[in-house]
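When a ligand or atom number is given, it counts from 1 through the structure's own listing order.
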Amino acid sequence: MKSQNELGVPIPVSKPLVVRTIKEVTKAQREYALEKTEYNMFSFPADLLFLDFLSDSGAGTMTDLQWATLFHGDESYGRNKGYYVLLDAVRDIFERGDHPKRVINLIISGETDTKKLMDELYLTSYEGGFVNGGVHQLSHPNTFIVPQGRCAEYLLFSTIAPILREKDPNKKYYIPNNGHFDTTEANIAANSIYPVNLFSTNLMDEFPFDQMDKRNPFKGNMDLNELEKLIQEKGADSIPLIYITITNNTAAGQPVSMNNIKKVQKIAKKYDLPLFFDACRFAENAIFIKEFEEGYQDHSIPSIVQEMFSYVDGFTISFKKGLANIGGGLFFKDRGIFHKKFSTKEDIGILLKEKQILTFGNDSYGGMSGRDIIALASSIYETVDLNSLRRRIFLVREFARKLAENAVPVILPAGGHAVYLNMDKFFEGIDMKIDDFGGIGFTIELLKHYGIRACELGPFAFEWDKKTPEQRKSILNLVRFAIPWNAYNTSHIDYAVAAITELYNNRKKIPKVKISRGAELRLRHFQTGLQPVYGD
Ligand SMILES: *Cc1c(COP(=O)(O)O)cnc(C)c1O
């Protein structure tokens, strides 16, 4: 008899606590709602959907522990208790590896020993890592809590851009990334810096779906040759920093290997450039390293996370992509390369802190409620739980495997948080030009017929028609199905697979799409009106 682990099906690791009923909505009702909301996926009322794969952002189901921790939230304006807990949780997860302190337990357990609370939580003082504490956070700040990842990006780029311009007003600056996320790209561009994508050359290579449990080509890696080339062509002083996105959301959610991170760090060091993570899905990235990178099978997730972060000088993060419904942050190493490079006239940490206070709130809440802060602190421990991660990765992989079995062109292997369809392949041999926005036509049909929402990340979202031929090269033509943490199980996936397959088999009937309002807008996938054009 096979053991439980040999069954090839993961052991269940959770069960639902609260049930929300999905409404019965007819196709005619969805059609009417689509028309009323200009066929824009982002405008469609979520409550009218059966399944929502638009984003995994903030849409996860919280755990009982998070809900319990939420009650300990403290809405004080200055130094709420969750602030201390969150800062130490960040140190636990990103710096302490297998030796976390978990001071959060003092709060959850209702510790009443005041001296203990003062010594271990409220009045500790430390410096030298990603999170300065006590007076050091005031004299040389390096930790910035904000509501979302993009707020961290905004803080970072809007603060460094004037410093760069002051150095040389006419210089062009470039920020390379293994794949800029859309808000990252937009925040960089909004500050007149050029975002550059250096996708791995194997990204679009074929991969057999029955190999997904056995190996992984780490298609999220940064192209190291292109990185060196860019630095040498433009000059190191034109590169404010190098960014690695883990996992690489724009490149089909593919993971980045430890080896690639190390090599990028080597290049960054050689040219004395700060290296940052866009760290939203660090935990998913870590499980890929554990499962598939040589030498890491016996390492724990926390120790892999610790090693990954030992190579970078700072990171921006959206905690909404983990188990938290809201939260983000910017962190950089105390007096590291980033700090040195940008503290020309004034301490860069002080400049960032001033902007944080001006735009989001004082540093101990940064625009978040105290309840959300403490729930977030508890959630980051659970995002590095091996069983939860395995369940998450398994579900994504099953989704991709079932689509591949039905011959639907899905990017393989599956990434960490989402399944991506390759729309170039999807429409191969069919009259659908790149600026007919077939990916959008597909998402409209999927929503209309089956009540399922997905997200085009291709020529429409990345504004193909507004870009130069050179820029167009880095636009992939994808539709993404993002899977929120703990929200769905295999029955949801099976319905989605059946619906997608049905549309794929009838792909000739998928409409082209015209932009009916706001084609010139920036970030237009959030705001424009669309019109499907059906053939005869
Ligand atoms: C979601 C995301 C962001 C932005 O975070 P928000 O919390 O949505 O503002 C940045 N980078 C990546 C890779 C993301 O997935």
Inset, instruction - Select one of side chain, backbone, both or neither to describe which atoms of Arg150 lie under 4.0 Å from any atom of ligand 1, heavy atoms only. - result: both
Legend entry - Donor-acceptor side-chain pairing of Glu153 and Thr183 below 3.5 angstrom: yes
Legend entry - Check: Asn362/Ser364 side-chain N/O donor and acceptor closer than 3.5 Å: yes
Minimum-distance protein heavy atom relative to [atom]:
{"atom": "atom 4 (C) of ligand 1", "result": "Thr183 OG1, 3.5 Å"}
{"atom": "atom 11 (N) of ligand 1", "result": "Asp278 OD2, 2.7 Å"}
{"atom": "atom 14 (C) of ligand 1", "result": "Lys321 NZ, 2.8 Å"}
{"atom": "atom 6 (P) of ligand 1", "result": "Gln148 NE2, 3.2 Å"}

Legend entry - Winner among Gly58, Ser55, Ala152, Ser318 once heavy atoms are compared against atom 7 (O) of ligand 1: Ser318
Legend entry - Element-labelled atoms of ligand 1 that are located less than 4.0 Å from some non-hydrogen atom of Thr245: 13 (C)
Inset, instruction - Taking only heavy atoms of Lys320 into account, list the atoms of ligand 1 that are under 4.0 Å away from them. - result: 7 (O)
Inset, instruction - Please confirm whether Gly328 comes under 4.0 Å of ligand 1, counting heavy atoms of the residue only. - result: no
Legend entry - Close N or O approach (Gly149, ligand 1; < 3.5 Å): yes
Inset, instruction - Before giving the answer on ring-ring contact (aromatic ring centres under 6.0 Å, His included), spell out for Phe53 and Phe399 the whole-Å C-alpha distance, their side-chain angles and the decisive distance to 0.1 Å. - result: CA-CA 12 Å; Phe53 297 108; Phe399 195 168; 5.5 Å; yes
Legend entry - Phe426 and Phe442 aromatic centres sub-6.0 Å: yes
Could you pull out every donor-acceptor pair under 3.5 Å between side chains of residues 84-91 and any protein atom, sequence neighbours left out?
unit_1	atom_1	unit_2	atom_2	d
Asp88	OD1	Arg96	NH2	3.4
Asp88	OD2	Arg96	NH1	2.9

Legend entry - Ion pair check, Lys262 and Glu293, cut-off under 4.0 Å: no
Legend entry - Phe338, Phe315, Phe276, Phe332 screened by ring-ring contact (aromatic ring centres under 6.0 Å, His included) with Phe130, the one that passes: Phe315
